[in-house]
Amino acid sequence: MSLIEVRGLKKSFGSLEVLKGVDLTVEQGERIAIIGGSGCGKSVFLRSLELLEKPDAGQIFIDGQEITAARGGQVDRIRRSMGMVYQRFHLFSEMDVMDNLCLAPVLRKLMTREEAEKKAMGLLEQVGLATRAHAWPTVLSGGQQQRIAICRCLMMEPKVLLFDEPTSALDPTMVGEVLAVIRMLAKQNMTMLIVTHEMNFAREVADRVLFFADGGIYEQGAPSEIFDSPKREKTIAFIRKIKYFTFDISEKRFDLMAMQGGIQGFVEKYGIEPDRVYPLQVCSEEMVVDFLNHCFPDGDAADVHLEISHADADRSVIIQIASGGKPYNPLEESDNFLAVAIIKRTAQRTDYRFEQNRNQLTIVL
Amino acid sequence: MTMKKILEGSKLTVAVEGRLDTLTAPELEQALEPALEGVETLVFDFASLAYISSAGLRVLLSAAHVIDARDGEMKVLNANKDVRNIFDITGLTDALGVE
């Protein structure tokens, strides 16, 4: 049987349905990254596996035992096969590192104090903190405390580790040391479910990535499938984190200053590199004006739509111009050779097509 | 866009400030037409020019034709990095006397 099996898991908070019937099977040794926007239910899902959130419906089996049907001490016994690492480290501040690590296994009579100390030292050595065994948690950095918290989970010899955004409460300078520990565990074939915002880490460490949206697993696949060629709309939007600027033009005498001001504001608002402003403005102006001059020869009415998108993931900036009127490819047919030179020498790539009765020009910067 | 013209003998210096684009280039064109009368040396001072598009380049090209026709000299001075890049990628740096 699979190490974790979840069937039809549902959870609501009041009228808010967070999990709408999630099914998941996790095999021994699998490393699963769970990603998704804020409030998508990924942390609630993880916490439900330990019954830290009580599901409204559904079944959860851990190593063949149904935790959702367990009662009293049985729940604790099943829980013991899972270790949870939280955003915050929750170390006991009145105990030193060694006492923090030995507390649970000794209290639960899983090992003697001596055995526990021996195991703790072994783990501290693995995470590079052997010299801090008798330090107080308050003198340790956030990254060190989180590494201790991971050791504390490992003391109980869990079959699966659950990480709930283990690096999101850390100063960015300390993220790397915690990720290094998780990487090390991955190499040891530890079964792990990791809720994370660290996309590069997820790509590197996970065998499978679950993208949560709409109350469940919206799309899942190998990291290369989810990060490089996501299939579904919300996954694509999340992975590329696309931001848009749009500007509609219905008259040839349009407000160029408003368009250029809008582009400037877009770049500033989303922290896009300031040196992108000029190429964006000049390419937009050249092509919008060229479409207006050629596709709408009579009168002042026009129909041109400008859209600029920016993807955080690869920092690409894409200008798309859709124009009504006759089929016209400015990059091939324009008599404004200066405009065409500006586009061709500024763009990484251009694409023109006439689709749905509209000219569609794409300029990738 | 604002411009300032200084005529010293047959040398005209035109300092352009702001943006030279589809909207404002026609203003410069209109202002230059009478001003080029008798000018043999034309200098554009672009120290305060923030932006130029092909519409602005076309005005400069026509001015260059006028000056060339009378064997005069045209120069573009003090262009910022972005504006200079537009001259470079359109291949007009030499033709317009960009320094």
Side-chain angles (χ1 to χ4, degrees), chain A residues 247 249 251-265 267-268 272-294 296 300 302 304 306 319 321 330-331 333-348 350 363 365, chain B residues 1-3 16-32 42 44 46-68 74-98:
Chain A
F247 194 81
I249 296 154
E251 294 175 329
K252 276 160 84 178
R253 280 175 295 178
F254 75 108
D255 191 344
L256 176 65
M257 279 177 69
M259 185 181 93
Q260 303 294 45
I263 292 172
Q264 170 97 40
V267 167
E268 285 168 5
I272 302 167
E273 300 91 329
D275 60 5
R276 297 291 189 107
V277 173
Y278 200 110
L280 276 172
Q281 288 183 335
V282 78
C283 291
S284 300
E285 178 189 335
E286 299 299 352
M287 291 296 99
V288 164
V289 170
D290 208 58
F291 273 122
L292 289 174
N293 289 340
H294 287 85
F296 307 95
D300 194 40
V304 175
L306 168 74
I319 301 171
I321 301 170
L331 299 177
E333 301 170 55
S334 179
D335 50 12
N336 186 349
F337 69 94
L338 294 173
V340 174
I342 289 172
I343 302 301
K344 289 197 168 165
R345 305 241 163 87
T346 305
Q348 275 185 23
T350 58
I363 302 166
L365 294 182
Chain B
M1 190 268 297
T2 56
M3 72 191 105
V16 185
E17 190 178 331
R19 302 170 71 86
L20 208 44
D21 58 19
T22 304
L23 273 187
T24 57
E27 290 173 38
L28 178 66
E29 191 169 27
Q30 276 180 11
L32 281 181
L42 175 61
F44 286 100
F46 282 172
S48 301
L49 184 73
Y51 176 95
I52 193 166
S53 67
S54 68
L57 295 178
R58 278 196 302 278
V59 175
L60 300 184
L61 268 180
S62 339
H65 284 145
V66 172
I67 298 297
D68 275 355
M74 180 170 139
K75 281 183 190 169
V76 174
L77 304 180
N78 306 319
N80 73 27
K81 183 171 71 69
D82 290 327
V83 172
R84 170 82 197 213
N85 178 53
I86 295 292
F87 291 128
D88 290 342
I89 63 178
T90 49
L92 293 180
T93 307
D94 291 337
L96 296 178
V98 180

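Heavy-atom basis, side chains included; hydrogens, waters and symmetry copies ignored. Everything numeric in this text was worked out from a predicted model, so none of it was measured. Lettering follows sequence order; numbering is per chain, from 1.
Within 6.0 Å of CG in A:Asp275 there are more than 12 heavy atoms belonging to other residues, nucleotides or ligands.
A side-chain hydrogen bond (donor to acceptor under 3.5 Å, both in side chains) check over residues 59-68 of chain B, counting only residues at least two apart or in different chains, returns nothing.
Smallest separation of non-hydrogen atoms from A:Ala341 and B:Ile89: CB-O, 4.1 Å.
Along residues 74-87 of chain B, the residues that come nearer than 4.5 angstrom to chain A, judged on non-hydrogen atoms, are B:Asp82, B:Val83, B:Ile86 in order of number. Residues from residues 16-26 of chain B that place a non-hydrogen atom less than 4.5 Å from a non-hydrogen atom of chain A comprise B:Arg19, B:Asp21, B:Thr22, B:Leu23, given in numerical order.
Considering only heavy-atom pairs separated by less than 4.5 Å from chain A, the leading option among B:Leu61, B:Leu92, B:Thr90 is B:Thr90. Put simply, of A:Thr346, A:Val289, A:Ile342, the one with the most heavy-atom pairs under 4.5 Å next to chain B is A:Ile342.
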N/O donor-acceptor pairs under 3.5 Å from side chains in residues 46-53 of chain B, not counting sequence neighbours:
{"residue": "B:Tyr51", "atom": "OH", "partner": "A:Gln260", "partner atom": "NE2", "Å": "3.2"}
{"residue": "B:Tyr51", "atom": "OH", "partner": "A:Gln281", "partner atom": "O", "Å": "3.3"}
{"residue": "B:Tyr51", "atom": "OH", "partner": "A:Val282", "partner atom": "N", "Å": "3.4"}
{"residue": "B:Tyr51", "atom": "OH", "partner": "A:Glu285", "partner atom": "OE1", "Å": "2.7"}
{"residue": "B:Ser53", "atom": "OG", "partner": "A:Glu285", "partner atom": "OE2", "Å": "2.6"}

